[in-house]
Amino acid sequence: MSERNFMTLQFASRSENEAFARVAVAAFVSQLDPTLDELTDIKTVVSEAVTNSIIHGYNNNKDGVITISAEIDDDTIRLTIEDKGEGIADLEQAKEPLYTSKPELERSGMGFTIMENFMDEVEVVTAVGIGTKINMLKRIESKKALYN
């Protein structure tokens, strides 16, 4: 029998909300009893996606809205992080390691690479002038299963 749970969170595109988003998602995911490494991976991808929405999607405009949806289904967490910002003109270029459209901000250009390495699946849906949605999935190797 499937154990499904979900939550949705919306907040202003302000850099001070990035930590709030990371902690809120971590608290929700903690019911799966993830390892510390799994929890750190999830917190990191939330930080990367939210920061990208703030800096790139909304161009640091604090009036934008970022929506995070999280769903737990058995041992799997699905995350969606969405903005209604500028969108990405060239997604393949944006996914290139070390590429950044804002070098003046000393951005590393590793956001998508980090997301792809820390999650089991990553899908980016984007349209210029409409926004960007990042869908991610991670299976949690529950510590409870390790001791049974």
Side-chain angles (χ1 to χ4, degrees), residues 2-141:
S2 176
E3 290 291 325
R4 185 175 172 272
N5 194 3
F6 63 92
M7 70 100 180
T8 301
L9 180 66
Q10 285 190 319
F11 52 91
S13 58
R14 303 174 65 95
S15 60
E16 55 266 37
N17 286 338
E18 177 268 328
F20 163 69
R22 183 178 65 235
V23 170
V25 171
F28 180 73
V29 170
S30 68
Q31 63 193 285
L32 285 178
D33 197 20
T35 65
L36 188 55
D37 285 344
E38 289 169 332
L39 198 56
T40 299
D41 289 353
I42 290 167
K43 288 165 66 176
T44 300
V45 300
V46 168
S47 293
E48 291 293 334
V50 168
T51 299
N52 280 351
S53 288
I54 293 167
I55 291 174
H56 301 289
Y58 290 116
N59 210 11
N60 286 313
N61 178 340
K62 297 178 181 188
D63 295 328
V65 175
I66 298 170
T67 302
I68 297 179
S69 300
E71 179 181 324
I72 292 172
D73 193 357
D74 288 332
D75 65 346
T76 302
I77 180 78
R78 295 179 200 289
L79 286 174
T80 300
I81 301 173
E82 183 175 8
D83 66 61
K84 303 291 186 196
E86 296 181 5
I88 303 169
D90 187 339
L91 182 57
E92 291 311 308
Q93 183 181 46
K95 285 181 164 184
E96 286 291 316
L98 304 177
Y99 172 78
T100 179
S101 63
K102 307 243 184 224
E104 70 279 7
L105 298 179
E106 298 181 17
R107 305 292 302 151
S108 70
M110 295 297 291
F112 285 125
T113 302
I114 290 168
M115 290 179 226
E116 289 171 349
N117 282 312
F118 286 8
M119 300 299 278
D120 294 322
E121 294 177 21
V122 176
E123 174 195 41
V124 181
V125 180
T126 188
V128 173
I130 295 175
T132 301
K133 180 190 291 190
I134 302 173
N135 299 306
M136 298 178 278
L137 179 140
K138 186 171 186 75
R139 284 169 206 80
I140 301 299
E141 181 69 41

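- Rounding to the nearest 0.5 Å gives a distance of 8.0 Å between CD1 of Ile55 and OG of Ser15.
- Annotation for Asn17 and Ala12: closest pair ND2-O, 3.0 Å, computed over non-hydrogen atoms.
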Practice task
List the steps, then state whether side-chain contact (heavy atoms from CB on, under 4.5 Å) holds for Glu86 with Asn59.
Solution key: CA-CA 8 Å; Glu86 296 181 5; Asn59 210 11; 3.5 Å; yes
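- Atom NZ of Lys138 is surrounded by more than 12 heavy atoms from other residues, nucleotides or ligands within 6.0 Å.
- Within the model, atoms OG1 of Thr8 and CD of Glu71 stand 9.5 Å from one another, a figure rounded to the nearest 0.5 Å.
- Distance check, rounded to the nearest 0.5 Å: OG1 of Thr35 to CG of Leu39 gives 8.0 Å.
- When every heavy atom of Asp74 is checked against every heavy atom of Leu32, the shortest pair comes out as O-CD2, 3.1 Å.
- The shortest heavy-atom contact between Ala49 and Ile81 is CB-CD1, 3.5 Å.
- A distance-only check finds a donor-acceptor pair linking the side chain of Gln31 to the backbone of Phe28 [under 3.5 Å].
- Annotation: side chain of Glu48 is not in contact with side chain of Phe112 (no heavy-atom distance under 4.5 Å).
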Practice task
Any chance you could lay out the side-chain contact (heavy atoms from CB on, under 4.5 Å) test for Val45 and Val122, step after step, and finish with the verdict?
Solution key: CA-CA 10 Å; Val45 300; Val122 176; over 6 Å; no
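- Nearest heavy-atom pair, Thr51 versus Glu18, reported as atom, atom and distance to 0.1 Å: OG1-CG, 3.7 Å.
- Minimum heavy-atom separation, Ile66 to Ser53: CD1-CB, 3.7 Å.
- Put simply, the side chain of Ile42 reaches to within 4.5 Å of the side chain of Ile140, judged on heavy atoms.
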Exercise for the section: List the steps, then state whether side-chain contact (heavy atoms from CB on, under 4.5 Å) holds for Thr80 with Lys133. Expected result: CA-CA 7 Å; Thr80 300; Lys133 180 190 291 190; 3.4 Å; yes
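- The shortest non-hydrogen separation linking Arg14 to Ile54 is O-CD1, 3.5 Å.
- Counting heavy atoms from C-beta on, the side chains of Val128 and Ile88 never come closer than 4.5 Å.
- Residue Asp75 holds its CG atom at 12.5 Å from CG of Asp33, rounded to the nearest 0.5 Å.
- Taken to the nearest 0.5 Å, the CZ atom of Phe118 stands 10.5 Å off from the OG1 atom of Thr113.
- Side chains of Val50 and Ile68 form a contact here, defined as non-hydrogen atoms less than 4.5 Å apart.
- Atom OG of residue Ser13 and atom CG of residue Asp63 lie 7.0 Å apart, to the nearest 0.5 angstrom.
- Of the residues listed (Asp41, Asp73, Asp120), the one engaging Arg139 in a salt bridge (Lys or Arg N to Asp or Glu O under 4.0 Å) is Asp120, and it is the only one.
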Practice task
Start with the C-alpha gap between Glu38 and Ile77, add the side-chain angles, then the distance that decides, and say whether side-chain contact (heavy atoms from CB on, under 4.5 Å) holds.
Solution key: CA-CA 11 Å; Glu38 289 169 332; Ile77 180 78; over 6 Å; no
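- Proximity of Met7 to Val25: side-chain heavy atoms (C-beta onward) are separated by under 4.5 Å at one or more points.
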